[in-house]
Amino acid sequence: GHDHLFVRAERDGVIYQEVPQPSHPRGTTRSAAEYGYQTGVILPSSGILRVRVSPQQTEVEYVKADPAATVAQRYAVPAKSE
């Protein structure tokens with residue numbers, strides 16, 4: 001599913017990533033509490049996620065749909081060592 005906002009939360013070592021709505025011109029976080037988001041990074045739409053995967057890590061950027069393509073949030077997940 002989707003809730004039209006950016007949410008990144010972690011629990012028990014698992015990252016839960018809610019993706020923003022790319023086409024909504026003025027998103028809000030108004031629905032976050034209604035949908036049960038209580039912790040984590042909560043940011044309004046609109047934008048996209050840019051994901052880069054390498055052998056060392058996966059990097060995720062939340063890029064806002066503004067003229068400057070502002071990176072509003074960035075995080076990396078290191079590769080697991082065997």
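What you see below is based on every heavy atom in this structure, not just the backbone, and it leaves out hydrogens, waters and symmetry mates.
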For residues Val53 and Tyr62: do they belong to one hydrophobic cluster (side chain heavy atoms under 4.5 Å, members Ile, Leu, Val, Met, Phe, Trp, Tyr)?
yes

Answer yes if Val71 and Leu49 sit in the same cluster of Ile, Leu, Val, Met, Phe, Trp and Tyr residues linked by side chain heavy atoms under 4.5 Å apart, and no otherwise.
no

Are Arg8 and Tyr75 in a cation-pi setup, meaning NZ or CZ lies under 6.0 angstrom from the ring centre and within 45 degrees of the ring axis?
yes

How far apart are the closest heavy atoms of Ala9 and Thr39, and which atoms are they?
CB-O, 4.1 Å

If every non-hydrogen atom of Pro55 is compared with every non-hydrogen atom of Ala79, which pair is closest and at what distance?
O-CB, 3.2 Å

Look at the side chain of Glu59 and the backbone N and O of Val51, then say whether any donor-acceptor pair between them is shorter than 3.5 Å.
no

Does the side chain to side chain contact (heavy atoms under 4.5 Å, CB included) test come out yes or no for Val77 and Ile15, once each step is laid out?
CA-CA 9 Å; Val77 180; Ile15 295 173; 3.4 Å; yes

Closest non-hydrogen atom pair, Ala76 against Gln57
CB-OE1, 3.4 Å

Do Val60 and Val41 belong together in a cluster built from hydrophobic side chains that touch within less than 4.5 Å?
yes

Verdict with supporting geometry, Gln73 and Leu43, side chain to side chain contact (heavy atoms under 4.5 Å, CB included)
CA-CA 9 Å; Gln73 180 68 211; Leu43 300 172; 3.9 Å; yes

CG/Leu5 to CD1/Ile42 distance, rounded to the nearest 0.5 angstrom?
7.5 Å

Stepwise, does the side chain to side chain contact (heavy atoms under 4.5 Å, CB included) test hold for Glu10 with Tyr16?
CA-CA 6 Å; Glu10 190 169 343; Tyr16 295 89; over 6 Å; no

Taking the side chain from Ser54 and the backbone from Gln56, do they hold a donor-acceptor pair closer than 3.5 Å?
yes

Ion pair present between Arg52 and Glu61, side-chain N to carboxylate O less than 4.0 angstrom?
yes

